[in-house]
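By convention in this document, chain letters (A, B, ...) are assigned in the order of the sequence lines, proteins followed by strands, and residues within each chain are numbered from 1.
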Protein chains: 2
Amino acid sequence: MKKKYTIRDIAELAGVSKGTVDRVIHNRGKVSKKALERITKLLTEIDYEPNLIARNLKNNKVYDICVLMPDPEVDPYWSPCTDGIKNAIIELKAFGVNILTVLFNPQCTKSFLNENENIQIMLPDAVVLVPLFNKESLFVLEKYEELGIIVSTFNNRINSATINKFVGQDLFQSGRIAAKLLYGLRKSEGDFVIIHIDEKYKNAIHMQEKEKGFKSFFDESLKFKNKILTCKLKHPNFESQFNLFLNEHKYLTGIFVTTSKVYQVAEIIKNRTQHNISIVGYDLLPENVAHLKEGTIDFLIHQNPKQQAYLALKYLVDFLLFEKEIPNELLLPIDIINSENVEPFMGN
Amino acid sequence: MKKKYTIRDIAELAGVSKGTVDRVIHNRGKVSKKALERITKLLTEIDYEPNLIARNLKNNKVYDICVLMPDPEVDPYWSPCTDGIKNAIIELKAFGVNILTVLFNPQCTKSFLNENENIQIMLPDAVVLVPLFNKESLFVLEKYEELGIIVSTFNNRINSATINKFVGQDLFQSGRIAAKLLYGLRKSEGDFVIIHIDEKYKNAIHMQEKEKGFKSFFDESLKFKNKILTCKLKHPNFESQFNLFLNEHKYLTGIFVTTSKVYQVAEIIKNRTQHNISIVGYDLLPENVAHLKEGTIDFLIHQNPKQQAYLALKYLVDFLLFEKEIPNELLLPIDIINSENVEPFMGN
DNA sequence: CATTTTTTTGTGTTCGTACACATTTATAAA
DNA sequence: TTTATAAATGTGTACGAACACAAAAAAATG
């Protein structure tokens, strides 16, 4: 078992003082070529790694981090995120990390912009945000860049030169998974339908990706001869619109709902006693899980918002405090949930 | 955003020296009632939390941890564990944690006992082990208890008073999941079979749990009228035995293999062109994944050995170094894998 | 009241790193 | 060679907690 070398050890071995070693490590210059060479050689030979605990104690900085995410009161999908953040707060408190959660209305770009301004006034060291609105997000990201505030994102990926930290999922692939699951469940020939619900705000990229993925699965399958339909439903006429659609399409064998509102679809299907239609949707909302256990919904794809929020924070702190190298893009595994494995995912 | 109070801050506020505050915090006595009360009150009021970084630097202990796990050369199931351990080693090195991996032969209880003895001579601070053999594990656990060595386990749960740290999965539930998946895939009436392969060494508890879970799913379903068969296969007559079984049972609709050797079953099924039999098995061995992508295997249940090993270590270190409260039993979510979501799980 | 003993409180050092500042050595200009 | 200047190297302290030891205050004894 290897000894842990300190700066002092290196200094003694090189016959210099710790100050010189320190200058080499941080290449601050003011070191003679001879000393530089000898110390660098030693450093690599010995595979010196600074004691991160000591380094951190010295730096002793209190990091202020803001989390900006959609208000779970408006869309319950985001509710688990607050738990993930709560966990991060507890865990990171002892390392001098202050985390403040700020909420915005996911149906209102103005709210998003406003809250970002508020955060920018507070000048935190870093921001973790959900860039729900593409245009507005690009705008605020530039601002953060100017202010020298590190930004990390989760759930929604955004293409920006200034941002390079993202925790989320591959949505195209998650669409393919839905397709695979529905195809496997199918008992007879029949059509599939992709349902988008309440698409009034611009999370369209989400659904587009999922739809593309879903369709791509069938493009590859030469055997498949049925249709892939698309159906956009909006409240308050949701129910009547959907019933109309169902009446028009009698050969449905599977439904893919691209959001966590799948329970609304399940509710209607359940009442129609159309029992050979499989349903796949997203997220472990209590309503969805109830339908899953009842058997109305066959599979849920878990986007793991809690873990996304937690990891976005955790990785950011590992980066800030412990210089851990973080992948720019962390794509979480896509969990397939049925009535039997749902339980441990709920607590988690 | 709250200020981080130090011992010195508390001391000043209480009008005493840091030594006295320190004595109160560690209740070492030698403090007057008056001072004790004032300081305790302040401590709770302020919700003082010691700076774990500073505490650790002072303690400055090098922790030696041994990991004892089955040799992946003998059973490739364990191969991902070494990656998980490797990650832990890299990550924890900078915190003064030395991790040494020791392998034993999973087919040989003597090897297990021997390696445990070797570890006990080294006197590490903690041991992470896979208690593959029930009786022998209980024996070595007592020894560790005597030596004051903390033990954490993963993959196999063991019922012992001395051990209270486990990372793994609920195997009963994973059997149920297999049942649910196969039942969902079934296109027509037919029987199911549970296949146990190469059960020469005592991981029987594993398979028993999985079998029980699998059966329990159908016990609840009143609709199910077919049979659940069981079939034990052993090398070297594996293939002939299995073909014999298949010839005898023509009404099979699904196969559940209780280990990672499911690819061996898939191989045979594939060659028999019996195309309406679904297969569910365990673990992301390359052979299994190949069959999954080809379509011979429908679902794999991911036991996540890599993550299990990593988390067992990580949690142990969080406990030793940062006093993080760790749940005695961490049951990882059971991941359902198909050809579409397999990719991110492989790297992970 | 003086002295001893016990109890209580305060001070100083350490952990390893980072950085400011002091000191020494080498080089250039007088 | 002497002095001025720059380059290189060394020293000391802080971060916050922990603990050993010194010091002071209180209590017990003569």
Side-chain angles (χ1 to χ4, degrees), chain A residues 2-40 42-43 46-63 92-98 320-323, chain B residues 2-40 42-43 46-63 92-98 320-323:
Chain A
K2 265 190 292 179
K3 192 194 177 313
K4 254 273 166 193
Y5 287 91
T6 70
I7 286 185
R8 182 164 239 114
D9 294 328
I10 308 273
E12 267 173 39
L13 287 167
V16 294
S17 75
K18 64 197 173 90
T20 308
V21 176
D22 180 68
R23 274 180 289 266
V24 172
I25 290 171
H26 296 88
N27 35 244
R28 284 197 248 274
K30 309 195 175 179
V31 178
S32 65
K33 262 170 290 168
K34 223 172 66 184
L36 183 85
E37 278 166 27
R38 194 162 57 226
I39 294 170
T40 335
L42 260 171
L43 246 27
I46 260 165
D47 188 27
Y48 168 76
E49 287 201 25
N51 182 324
L52 295 184
I53 291 175
R55 172 173 289 181
N56 241 277
L57 178 59
K58 186 65 202 32
N59 289 349
N60 198 37
K61 182 162 167 30
V62 172
Y63 287 92
L92 301 173
K93 189 178 163 193
F95 292 101
V97 177
N98 278 327
L320 289 173
L321 263 77
F322 300 116
E323 302 180 343
Chain B
K2 264 190 292 180
K3 192 195 177 315
K4 255 272 167 193
Y5 287 90
T6 70
I7 286 187
R8 181 163 239 115
D9 293 329
I10 308 272
E12 267 172 40
L13 286 167
V16 293
S17 75
K18 63 197 172 90
T20 307
V21 176
D22 180 68
R23 274 179 290 265
V24 172
I25 289 171
H26 297 88
N27 34 246
R28 285 197 247 273
K30 307 194 175 178
V31 178
S32 66
K33 261 169 291 170
K34 222 172 67 184
L36 182 85
E37 279 166 25
R38 194 162 56 225
I39 294 170
T40 337
L42 260 171
L43 247 26
I46 260 166
D47 187 28
Y48 169 76
E49 287 200 25
N51 181 324
L52 295 184
I53 292 174
R55 172 174 288 180
N56 242 277
L57 177 60
K58 184 64 196 47
N59 290 349
N60 198 37
K61 184 163 166 28
V62 173
Y63 287 92
L92 300 172
K93 189 178 162 193
F95 292 102
V97 177
N98 277 328
L320 289 173
L321 263 77
F322 300 116
E323 303 181 341

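Side-chain N or O atoms of Asp9(A) include one that pairs as donor or acceptor with a backbone N or O of Thr6(A) at under 3.5 Å.
We find that Arg28(B) and Asp22(B) are joined by a salt bridge, their nearest charged nitrogen and carboxylate oxygen being less than 4.0 Å apart.
Counting heavy atoms from C-beta on, the side chains of Lys93(B) and Asp47(A) come closer than 4.5 Å. Residues Asn51(A) and Asn60(B) are in side-chain contact: their nearest non-hydrogen atoms beyond the backbone lie under 4.5 Å apart. Put simply, the side chain of Tyr5(B) reaches to within 4.5 Å of the side chain of Leu13(B), judged on heavy atoms.
Taking atom CD1 on Ile39(B) and atom C1' on dT9(C), their separation rounds to 10 Å, with Å as the unit. Between the NZ atom of Lys33(A) and the P atom of dA8(D) there is a distance of 9 Å, rounded to whole Å. In this structure, the CZ atom of Arg23(B) is 8 Å from the P atom of dG10(C), given to the nearest Å. Rounded to whole Å, atom P of dA18(C) lies 12 Å from atom CG of Asn27(A).
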When every nucleotide of nucleotides 13-18 of chain D is labelled 5' to 3' by its protein contacts under 4.0 Å (heavy atoms), B for base, S for sugar-phosphate only, - for none, what sequence of letters results?
BBBBBB
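Here Ser32(B) reaches the OP1 or OP2 of dT9(C): one of its side-chain N or O atoms lies under 4.0 Å away. Proximity of Ser17(B) to the phosphate of dG10(C): a side-chain N or O atom is located under 4.0 Å from OP1 or OP2.
Atom NZ of Lys61(B) has more than 12 neighbouring heavy atoms from other residues, nucleotides or ligands inside a 6.0 Å radius.
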